[in-house]
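Pasting a structure here, questions to come.
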Amino acid sequence: MLSRIEAKAAGSKGPARRLRLTDFDLTLPALGLLVLFFVVPVAILLARSVSEPVPGLGNYAELLGSSTYLRIFANTFLVSGLVTFVSLLIGFPVAWALAVMPSRAASVVFAILLLSMWTNLLARTYAWMVLLQRTGVVNKLLIGLGLIDKPLPLVNNLTGVTIGMTYIMLPFIILPLYGVIRKIDPAILQAAALCGANRWQALVRVLLPLAMPGMAAGALMVFVMSLGYFVTPALLGGTANMMLAELIAQFVQSLVNWGMGGAAALVLLVVTLALYAVQLRFFGTDRMGGR
Amino acid sequence: MSQPFLQIRGIRKEYGPVTAVHDVSLDVAQGEFLTFLGPSGSGKSTTLYILAGFEDPTRGDIMLKGQSLLSTPSHKRNIGMVFQRYTLFPHLSVGENIAFPLKVRRLAKAEIDAKVRDMLKLVRLEGFEDRKPAQMSGGQQQRVALARALAYDPPLLLMDEPLSALDKKLREEIQHEIRRIHQQTEVTILYVTHDQEEALRLSDRIAVFSKGVIDQIGTGPELYANPATRFVAEFIGDSDFLPCDLVTAANGKAEIALAGTTLIPNVPVHGKPVAGGKAALMLRPERLHLMRSAPGGSTALPVTVSDVTFLGNNIHVATQTAKGDALAIRLPFGHEAISSLSRGDSVWLGFDPASAHVFC
C-alpha cells in the first residue's frame, strides 16, 4: 500500500501538476477569448484611428479640438452623471427596502426587477416613448390632475434620455447595493440608535459609509455603461444632445469614417479604464477589512 | 423610601398567538447588578429589548426614575447596551467608535477627546485608539463596545449575553473586568445570560426566567438555598430529583415517603402540596454525605455506586437507588472513602431533611 502511494508521488507528479493548473492554466481559454475578440479588434481600431485617412494623430486633434465634438463629450458625461445620480437616489431606498423586507415580498420585487431587465431593450425604450410623448399617459395624467396646463416636453430631450436610461440602469445599482446592505448586521444599526443617533445620523454616519463599496461598484457600472449607451439616447434623445455612442455610429455607418470612429471609441475606452483605476484605488478588494 | 430606580410593571409581549413575556414585574435599585437568567426562549432577551426600545410591549409599562420610557424612541432613551454580536462600527477606529455617541450629541471636541481617553483607560485598552475593530480580538471588541456604551454616562446599561461568543477562559477574564467596571462606575446593569455560573459570579440579584415568567428573584445564595420552583433548583447549582409520595404537608414543611417505606419528616415543600399526591425530592450532590453502613438515627438512602469520576478538586460519584433513580454525590479530593470506593459497592447517602426540598 505504502509503496504504491510512493510510486504515484514519485512517478506522475500528479498532485503538484494539478495545483499549478488551478493557478493560471484555467484562465487560458477566457484569456484567449479576450485577446481574440477584444484586444485584437481594439488594436485594429487603434491602428485605423492613427492611419486613416492619413497617418498621424489628426483624428484625435479634430475630435478634441472641435467645439461640436467637445459638446458631445460634455453631453455624454452630463447624461451619464445624471443617470448615475438619479439611479443612486432611487436605488438606495429600494435596495434597503429589499434587504429588510420579508423574503417572500423581496422575491416578488426581485422578479419584477429581473423581468424588466430581461425584457427586450428596444421594446422598453419604445414603451417610454409612448408614455412620455406629448399626448402620452404621463402628460395626460398630469393635465388631468390639474398640475400642468400644457404638455411637458418629456421626450426628444435630456429629460427623456435621463428617465429612460435611469430605468434601464436601476437594477445595476440595486443588485450590488442589496448585496452590501444585506451583509450589514441590523444590530449595528440598533447599537447606533441606542448610542443616540437619530435616523438621519444613523443613515449618514453608519449606513451610507458601510454601503459605500456597493454604491461605488454600482455607480461605476452605471456610469461606464451610460457612457457608451446607444439605443436609449438615440430613441429618446433629441438631435441637440447627441451622445458619444451615437457619434461613433454616425462616423462608422453614415460617414464610413473608421479613423474618426476609432478615435472616439478609444477616447471612451481610456476614460472607462481611468475610472476603473480610480475605483480600484479607493474601493479595492481589501478595503472592507479595515487594513 | 423613595420610588425604585427602575420599575418594570406587568410587561407582556405577544407575537400573534405566542406570548413571549407573561406580565413580568420587577423593581431594580440604583447601582444594582441584576441578571436575567434563563434558557433561550424564556423571554429574558425580549424583556431587555423592550427596555432598549427595539420592541414595544403588548401591555405594561417601564418607569425609569418615575418617568415612563415607552413613548421615548431608542435614540432618546440615553441607555447603554452591549450586544451579543460584535456591533462596533467597522468603518470607524476604536477611538471613533467610543466618540460616536458623543459626536451625535454634539459635544465639544476637547470634551470628546478627554472622555474617549477616560473610557479607554476604564476598559484598559489605552493605545488601541487607532485600531480598526477587525484588527482586534472578540474580547477586545466587546470591551470597546462596553466603553462606547458607557461613554455618555447612561443611568442604565443593558448587556445581552455579551460574552457568549468568547471561550471560557476569556469569558472569566472579562467577567472580572465587568465587575470591576460596575464597582468603579456604579452604573445600574441589567445583564442577560443563560450561564448560571456567569450570573452567580456577576450579579447582586438574579431573576430566573422560565417560559416568559420570572420564577424567582433573589441573590445567588438565596436561589441556591431556597429555590421556589423545580426549574430554579435545576438551573442554579446541580441537583437530582427522586420521585416520592407526599404524606402530610403543613406550614411549608412536608412529610414524605421515599421508595414506599422510608418516612422523612420536616422537608421544606414548594408548589401546591396535596396529601397523598406525587412529589419530587431534590438533593444536591455536595450536600450529601457518604456512609459505609446503615446509619443510626440520621436520614439516609441505600444506593449502589455506578461510577466514580475524578474532576480535579472534587470527585463525582454516580449512584443508583434501589428503584433505579440516579443520585450523584460530590466528595472533596482526599475524602477517606475514595481510595476504597469502587463500582457496585453498596453505600448509604445521608442528608439533612432541612437542606432538601420537595416540589409538587
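All figures in this text were calculated on a predicted structure; none of them were measured in a lab. Every chain is numbered from 1 and lettered A, B, ... according to where its sequence line falls, protein lines coming before strand lines.
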Backbone N/O of B/G95 and side chain of B/E129: donor-acceptor pair under 3.5 Å: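 Absent.
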
Which portion of A/N198 sits near chain B, non-hydrogen atoms under 4.5 angstrom: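 A/N198 touches chain B through backbone and side-chain heavy atoms alike.
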
B/Q67 atom CD, neighbour heavy-atom count above 12 within 6.0 Å: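 Open.
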
Region of A/A192 in contact with chain B, defined by heavy-atom distances below 4.5 Å: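 A/A192 touches chain B through backbone and side-chain heavy atoms alike.
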
Pairs of heavy atoms under 4.5 Å with chain A: top-ranked of B/R131, B/Q84, B/R105: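 Heavy-atom pair counts peak at B/R105.
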
Heavy-atom pair count under 4.5 Å with chain A, highest-scoring of B/S93, B/P101, B/A151: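 Greatest number of close heavy-atom pairs with chain A: B/P101.
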
Chain A contact residues among residues 44-56 of chain B, heavy-atom distance under 4.5 Å: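 Hits under 4.5 Å: B/Y49, B/A52, B/F54.
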
Portion of B/R85 that has a non-hydrogen atom of chain A nearer than 4.5 angstrom: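 Side chain only.
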
Ring geometry between B/F33 and B/Y191 (parallel below 30°, tilted from 30 to 60°, perpendicular above 60°):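 B/Y191 and B/F33: tilted rings.
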
Face-on cation placement of B/R143 at B/F128 ring, 6.0 Å and 45° thresholds: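 Not flagged: B/R143 not positioned over aromatic ring of B/F128.
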
N-O pairing of B/K168 and B/E172 below 4.0 Å: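 Between B/E172 and B/K168 there is a salt bridge, with a charged N closer than 4.0 Å to a carboxylate O.
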
Donor-acceptor pair between A/T232 and A/R124 side chains, under 3.5 angstrom: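 Distance-only check fails for A/T232 and A/R124.
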
Considering only distance and modelled atom types, tabulate donor-acceptor pairs under 3.5 Å from the side chains of residues 74-84 of chain A, sequence neighbours left out.
from	atom 1	to	atom 2	distance (Å)
A/N75	ND2	A/N241	O	2.9
A/N75	ND2	A/M242	O	3.0
A/T76	OG1	A/I72	O	2.7
A/T76	OG1	A/L244	N	3.0
A/S80	OG	A/T76	O	2.8
A/S80	OG	A/L227	N	3.3
A/T84	OG1	A/S80	O	2.6

Portion of B/L102 that has a non-hydrogen atom of chain A nearer than 4.5 angstrom: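 The answer is neither part of B/L102.
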
B/E198 and B/T193: side chain donor to acceptor below 3.5 Å: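 Yes, side-chain donor-acceptor contact under 3.5 Å.
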
Winner by heavy-atom pair count (cut-off under 4.5 Å) against chain B, out of A/R199, A/Q201, A/Q190: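 Winner by heavy-atom pair count: A/Q190.
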
Non-hydrogen atoms of B/Y152 and B/I79 that approach each other most closely: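 That closest heavy-atom pairing would be OH-O, 3.0 Å.
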
